[in-house]
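Before any comments, here is the structure.
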Amino acid sequence: GNFMHGVLEKTVKWIAEGGDGDIAENIKTIAGDYISEIFRMPPDAVPKRLAHLFDYLCRSAEIFAKRIKEELEVSSFRPRDFELTVGRDGDAVAPLRLESGDVSVELRGKIDRVDTYEDGEGRLYVRVVDYKTGSKTFKIENVKLGLDTQMLLYLFSVLENGKKRYGSDPLPAAGLYAGIKPPQVDMKIGEDTSAYENKVEASGLFLKDEAVLRAMDPMLKGEYIPIKEEHLGKEKSNLIGEGAFADLKKEVTDVILKY
């Protein structure tokens, strides 16, 4: 997990800044530097078993990075922060403080990525992205059980305390779980694999606003976010209004303080 997060942080930042060159070679270089730093030996000197593992992880990172490159070519959301600390020290965004009577709780940690989008009227929308090496599906009903709250607390921390960092009061756009490893698919021998080559799994909670959703994925065909155009007129648990985000913040607060 640390290896993948470290490689992807540098690679996606390189892509977002318009880096030229081959993605696979860039990942190989970053991974080699990571291996040299951790194991105190050149990449070609690590045991074969580890070398095979790192090759597999690099391939997974390459697929993910290519997908991110394609997304950034069409999306209006841009990465603003990588590995953003939620805390009280240095260049951090302050955590959301949950209080009830004499009880006070703060969640501190790191957000893998923060993306922002400013619409034509100057409103700033924020999306927090949480990289997952395994399969992870966001279910809003889990919040009542104290589950799936970490990503939401990160989002609420940015919404409440991000004005100083981003220049205006942020509005909620999404909390997104982005699967790093390619999804497993059932295929027949000889079947064309090109349709699956750059696919990754994604899940999350999104603002029910067509303009904001199209700023993430203009065609709304489920290519870059798990939302399709036909979902807009339906009731879906992962599509909520701005007021519902405020209600969810209170619900998360109550659940965390309860436990």
Without swapping roles, check the side chain of Arg78 against the backbone of Leu72 for a donor-acceptor pair under 3.5 Å. yes

Same cluster for [X] and [Y] if Ile/Leu/Val/Met/Phe/Trp/Tyr side chains link at under 4.5 Å?
X      : Y      : result
Val74  : Phe206 : no
Leu145 : Val252 : no
Ile35  : Leu50  : yes
Leu155 : Ile225 : yes

Residues [X], [Y]: salt bridge by 4.0 Å N-O rule:
X      : Y      : value
Glu223 : Lys221 : no
Glu210 : Arg214 : yes
Lys66  : Glu70  : no
Lys258 : Asp254 : no
Glu62  : Arg59  : yes

Measure the acute angle between the ring planes of Tyr34 and Phe3, then classify it against the limits of 30° and 60° as parallel, tilted or perpendicular. perpendicular

Is the [atom1] atom of [X] crowded by more than 12 outside heavy atoms at less than 6.0 Å?
X      : atom1 : answer
Glu141 : CD    : yes
Lys208 : NZ    : yes
Glu235 : CD    : no
Met41  : CE    : yes

Side chains of Asp112 and Tyr154: is there a donor and an acceptor less than 3.5 Å apart? no

Are any non-hydrogen side-chain atoms of Leu213 and Leu232 less than 4.5 angstrom apart? yes

Only one of Arg113, His5, Lys136 clears side chain to side chain donor-acceptor pair (under 3.5 Å) with Tyr131; which? Arg113

Looking only at heavy atoms, the pair that brings Val93 and Ser157 closest together is CG2-O, 4.1 Å

